[in-house]
Amino acid sequence: MRARRPPTRAMAAALGCFLSLGLWLALAGPATAASRPAVHRWAPRLRLVGQTSWVTPGHPFVLDLAAAGRPSQLQVTVVVFDRLHSRSAFDQTLHNQVATYPLEGMGPMPLASLPPDPGHPGAVRLSVSVASPGHPLPNPPPARLVDLGSCGSSCAGVYPVRVSLESVRTGAVLDQLTTDLVFADRPTMGRKLDLAWVLPLRASPRPGPGGGLVLPPAQQAAMAATADVLGANSRVPLTLAPYPDTLAGLAEGGTPADRSALARLRTWAAQPFHEVAALPYAPVSPAGLARQGLGGQLRAQVRRGEQVVSSLLGVTPDTTTWLGGRDLDGPGLRLVRSLAGAAPKQLVVPEAVLTPLAERITPVQPFQLRAGRRSMEAMTADAGLAAHLADARQPVLAAHQLLADLAMIYLDRPGASYTRGVVLDASRPGLADPTTLGIVLAALAHSPMIRPVTLDQFFTQVRPATVYGVDLVRQLSPTPSPPPRLPAAEVRAAGARVTAFVSSLAIDPGRVPAVSRMTDLVLDSESTYLSPAERQADLKAVDRLVKAQADRIRLPTESVTLTARSGQLPVTIVSRAPYPVRGVLEVRSDGLNFPTHQSTQDVTLAPFRSTPTQFEVSARAPGKFTVQVSLLSPRGRLVLASSRFTVRSSAFSAVAIGLTAAAGLVLALWWGLSLLRGRRARNRRLVPAGE
């Protein structure tokens, strides 16, 4: 029996656990939380629904807030902190942790005492005046004032603003968010930071009932909303990165909303200060294609992508810059360089695919990327900027955090004598939230710190980085992210079936819509964003489309009787296809000979017609047997139609008749001789002895 632990030891252990838990809770929270109640995340939520993007002297800082709950039971407290000095400190504010000192505290203010926000029903508006040296405020000062203090030559900066939602009765913090006051001393602050924003249009189209790729209803609505935002901010330079499979899915939908969205995108793309980037038909990995022997597919992807974009948006996409992924490696880069007629001159790559660079501030200039003996001009895509677009819970807050992050990069060297820039490549995450997109584009149109540009303008205006007068050269990482595995054999087989079917068309394949659908499905199956089940769905849809086209051609089953040794085997092919078809008609049978050694014929079938043909045949023997008749594609031996004929042969050859007659004569002679010998033997037995 186990001995019982003494009570004193058990009490000591429990007390130790309790103290340890209390110490852990005390250390886990931020230092600034020591003097305030704990945040209860299950309580009503606080949302930012509007904010001043850039604050300049003489203009207030406005916050529009919405909270779930009764306003009479809620209050807000606002704390403005001193400006930040690094992006790492800014990153901490994204988790409601601020490393600088408070400048001003306001509140608690009952929600019911704040004026309503005219633009958002149910929200309230909080307006705060901002004072800085050299820009005095009226006397007496406003009730809500933030004094930036003594800033020296400039107060420009990013000032964290923490907003807490509290209970009026207990003072408990129910929810909390941290946004930023971006202050600019002047409406224009000299040389701005160039921002090349690569905006994706990427959804997840899936095979529809008709075989083409279509977008789910929710993604159709998101595409329409994105087109609306772009149209409302059409004066802001931007590089649009529309994945062609997404555009094709939008066009395939065919609803009035889809057509309207495409029309707005065409109008936007026609603006001279916009740019449409050339992309593969589906988001593929050059590294993955190269490793699995599908390198030729990248050319097909790019070629088909250009066709779709040109057709649906009415512009020729720019092939100058290639947007690389996290798995880009040497073989993948060489494959990109080998694109005939579409080889890029420069690259945008994630920082993760490069060897680390000992740099404390954000890279703001292009460099030379060397792989093997060759190098290309390249620029990193800032992952921190793109991360803001992934926050769908607070789209307004995410938009202003993105703007504040851009301001932090600008304020690294606000007085630089050369043009600096960053690339925001969000082509991998997918569609940006329309609310976030609209806020950022509207703010960039009048930003005192940021100048939006296209990718082409970025590489033209921002000079490459140098080290002691020599261009900065960087290398690809020796350990990139592994590319996704593809069912290479199945993709090749599906592509071979499509190629075989195309060889059977006696007209331009572009005039047969089913061909483009088959091709697009094969290309879409190579997407890096598909699950194995989704890839199989694409490949099975290819088979269904090929079979549906082949089923338009029939070889009726027939029964043929040959009354002579040689004769004609008639074959009629019925085509219900709306286009002419060519193929190879082949017959096979163990009971037939082909005197001219021709068991195949090249045939061309007219649309909606029956085409009669015939073969010269001879029967090897009389009887009944089957003949396999197949119509094959000129290339790849794809079976377009097949049937089995029944052939009966009742003819006898002269040799067979002669042999039969001779056999009968010999048999009759043998019977006659046998009969004669038997009669003689009987006669001898009937004669008496001695006669």
Side-chain angles (χ1 to χ4, degrees), residues 49 195-206 213-271 273-279 281-283 305 308-309 311-315 317-318 323 381 385-400 402-403 423-445 452 454-455 527 529:
V49 297
L195 169 66
W197 189 353
V198 182
L199 180 68
L201 289 181
R202 184 184 69 79
S204 302
R206 305 306 319 132
L213 293 169
V214 297
L215 300 183
Q219 295 183 354
Q220 288 177 328
M223 288 287 292
T226 300
D228 288 340
V229 172
L230 290 176
N233 298 274
S234 60
R235 304 296 298 179
V236 181
L238 191 68
T239 297
L240 192 67
Y243 276 99
D245 63 343
T246 297
L247 293 180
L250 193 63
E252 187 75 16
T255 66
D258 295 336
R259 291 192 293 269
S260 177
L262 274 177
R264 290 194 296 274
L265 291 175
R266 287 177 67 95
T267 301
W268 182 93
Q271 300 290 334
F273 38 82
H274 293 155
E275 180 181 57
V276 177
L279 295 173
Y281 179 79
V308 172
V309 172
S311 172
L312 298 181
L313 295 188
V315 296
D318 183 80
L323 304 177
L385 296 176
H388 297 296
L389 300 174
D391 187 1
R393 298 169 302 171
Q394 291 262 30
V396 177
L397 178 61
H400 289 285
L402 171 58
L403 294 171
V423 174
L424 169 56
D425 177 14
S427 60
R428 297 301 167 184
L431 289 173
D433 184 276
T435 301
T436 304
L437 176 63
I439 292 173
V440 176
L441 288 178
L444 291 177
T454 64
L455 271 179
S527 170
Y529 291 96

*So do the side chains of Asp245 and Pro283 get within less than 4.5 Å of each other, counting heavy atoms only?*
yes
_Close side-chain approach of Leu265 to Pro242, heavy-atom, < 4.5 Å_ = no
Looking at [atom1] of [X] and [atom2] of [Y], how far apart are the two atoms once the value is rounded to the nearest 0.5 Å?
X      : Y      : atom1 : atom2 : value
Leu402 : Leu195 : CG    : CG    : 8.0 Å
Arg202 : Leu247 : CZ    : CG    : 13.0 Å
Leu250 : Gln220 : CG    : CD    : 7.0 Å
Arg264 : Thr226 : CZ    : OG1   : 10.0 Å
Trp197 : Leu385 : CH2   : CG    : 10.0 Å
Thr246 : Gln219 : OG1   : CD    : 7.5 Å

For the residue pair [X] and [Y], what are the closest heavy atoms and their distance?
X      : Y      : answer
Tyr281 : Ala248 : OH-CB, 3.7 Å
Val198 : Ala241 : CG1-CB, 3.7 Å
Ala227 : Ala261 : CB-O, 3.9 Å
Ala225 : Pro434 : CB-CG, 3.6 Å
Ala386 : Asp425 : CB-O, 4.0 Å

*Quick one: which of Thr436, Leu199, Asp433 gives a side chain to side chain contact (heavy atoms under 4.5 Å, CB included) with Leu389?*
Thr436
*Determine yes or no for a side-chain-to-main-chain donor-acceptor pair under 3.5 angstrom, with Thr435 supplying the side chain and Val396 the backbone.*
no
With a cut-off of 3.5 Å and sequence neighbours excluded, list every side-chain donor-acceptor pair involving residues 230-240.
unit_1, atom_1, unit_2, atom_2, d
Asn233, ND2, Val229, O, 2.9
Thr239, OG1, Glu275, OE1, 2.8
Thr239, OG1, Leu455, N, 3.0

